[in-house]
There are 2 protein chains.
Amino acid sequence: MDEDTLTQALSRAETLCAQRGVRLTPQRRRVLELVCRAERPVGAYELLDQLRDGGPAAPPTVYRALDWLLEQGLVHKLETLHAFIGCTHPEHPHASQFLICDGCGGVKELEDKAIAGSLASVAAESGFRPSRPVVEVIGTCSDCAAKHGKD
Amino acid sequence: MDEDTLTQALSRAETLCAQRGVRLTPQRRRVLELVCRAERPVGAYELLDQLRDGGPAAPPTVYRALDWLLEQGLVHKLETLHAFIGCTHPEHPHASQFLICDGCGGVKELEDKAIAGSLASVAAESGFRPSRPVVEVIGTCSDCAAKHGKD
DNA sequence: AGCGCACTGTTATACTGTTTCATCACGGTC
DNA sequence: GACCGTGATGAAACAGTATAACAGTGCGCT
């Protein structure tokens, strides 16, 4: 995320939190910034190392901030990577899907109605009430496919 | 999994491995048995404890067996739970989806064409080549919804 | 016998996440 | 101002998950 996009994302987060009446404290803001600044998904301990540049910090610090940011939908957790990324459209609650390239480590966030729909309908058939759908597709992005295809 | 189903599953696994020319060694067979015998998803260290009833064992032992069983499609890994379950239809390679109840811990394995299809098509749109789709829906199963609904 | 290969054993370590308790800052109330 | 409840932070220890690295074993092959 470039500097402009980052600034925008942070101010959007400020606005959202103000609207919701929740507190985007300096710690949480700092963690959000670190997550967004990274181009790739970042691990909790990677964030912790960066937090430590500004003073002492322990694992619960970063996990608390991340939990809160997850609740607010400002970041997503990638279960298959044990890592976090900034949400690209935090304005509304949504069920995202992720395309994760194991070549370059890049992640694309999608919000596809067809996938969400078919998930909802199979769940409904089973009488299952979904609370958190996790959809992560590991594979190779077009760039990496092009590169490695030539090898 | 009851005793009969277990016996069937194990002999099916034997047959499959024979056909494929791969070795379902005693260790692997034992781990497969332990995974299938459990009604719920089992963690690696839980399996390890059970393996230890029959002699000393270390983490790499169980992880190696699990990795191999995953490759062969005889077990699945639930990323959101860090746990493993026996595959209900290992005969053919397939992209499964899982409904995971956070009330009772039960898991239902699905193989829904609509979901697989919409995943494949959004991936195709992005030029993304999927290798391992992970679809796990956390929520409440009908039984647990009925129970807790009354509370 | 000597070699390669797949499988296993063993030790240690890295990485990920939680529990627990103490402390601090802020807002409301008397 | 003094009191108190609540949410946020700090700090130490620990629990759970996974891998690295290297040695040993058994088996088929030439």
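In what follows, every chain begins at residue 1, and chains take the letters A, B, ... in the order their sequences are listed.
- Residues of residues 47-68 of chain B that place a heavy atom closer than 4.0 Å to DNA chain D, in numerical order, are B:P59, B:P60, B:Y63.
- Contacts of B:A123 classified as side-chain contact (heavy atoms from CB on, under 4.5 Å), with partners at least two apart in sequence or in another chain: B:F128, B:P130.
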Distance-only donor-acceptor pairs under 3.5 Å for side chains of residues 105-115 of chain A, two or more places apart:
{"residue": "A:K108", "atom": "NZ", "partner": "B:S126", "partner atom": "OG", "Å": "3.4"}
{"residue": "A:E109", "atom": "OE1", "partner": "A:T88", "partner atom": "N", "Å": "3.3"}
{"residue": "A:E109", "atom": "OE1", "partner": "A:T88", "partner atom": "OG1", "Å": "3.1"}
{"residue": "A:E109", "atom": "OE2", "partner": "A:H76", "partner atom": "NE2", "Å": "3.0"}
{"residue": "A:E109", "atom": "OE2", "partner": "A:H94", "partner atom": "NE2", "Å": "3.3"}
{"residue": "A:E109", "atom": "OE2", "partner": "A:S96", "partner atom": "OG", "Å": "2.7"}
{"residue": "A:E111", "atom": "OE1", "partner": "A:H89", "partner atom": "NE2", "Å": "2.8"}
{"residue": "A:E111", "atom": "OE2", "partner": "A:H92", "partner atom": "NE2", "Å": "3.1"}
{"residue": "A:D112", "atom": "OD2", "partner": "A:A114", "partner atom": "N", "Å": "3.0"}
{"residue": "A:D112", "atom": "OD2", "partner": "A:I115", "partner atom": "N", "Å": "2.9"}

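- Nucleotides of DNA chain D lying under 4.0 Å from heavy atoms of chain A occupy a range whose first and last members, 5' to 3', are D:dA8 to D:dA12.
- Near DNA chain D, meaning a heavy atom under 4.0 Å from it, residues 24-37 of chain A has A:T25, A:Q27, A:R28 in order of number.
- You can see that DNA chain C meets the heavy atoms of chain A within a 4.0 Å-exclusive cut from C:dT16 to C:dT19, reading 5' to 3'.
- For B:E136, the side-chain hydrogen bond (donor to acceptor under 3.5 Å, both in side chains) partners are B:T80, not counting sequence neighbours.
- Every residue two or more places apart in sequence or in another chain that forms a side-chain hydrogen bond (donor to acceptor under 3.5 Å, both in side chains) with B:R12 is listed here: B:E91.
- Residues B:V31 and B:L51 are in side-chain contact: their nearest non-hydrogen atoms beyond the backbone lie under 4.5 Å apart.
- Under the side-chain hydrogen bond (donor to acceptor under 3.5 Å, both in side chains) criterion, A:D2 pairs with A:T5, not counting sequence neighbours.
- No salt bridge links A:R20 with A:E71; every basic N to acidic carboxylate O contact stays at or beyond 4.0 Å.
- The two residues A:I85 and A:V35 have their closest heavy-atom pair at C-CG1, 3.4 Å.
- Within the structure, salt bridge (Lys or Arg N to Asp or Glu O under 4.0 Å) pairs that include any residue of residues 115-135 of chain B comprise B:E79-B:R132 (at least two apart or interchain).
- Within the structure, ring-ring contact (aromatic ring centres under 6.0 Å, His included) contacts touching residues 15-71 of chain B (residues at least two apart or in different chains) do not occur.
- In this structure, A:T140 contributes its side chain and A:C101 its backbone to no donor-acceptor pair below 3.5 Å.
- Among residues two or more places apart in sequence or in another chain, the side-chain hydrogen bond (donor to acceptor under 3.5 Å, both in side chains) test is passed with B:E33 by B:R37.
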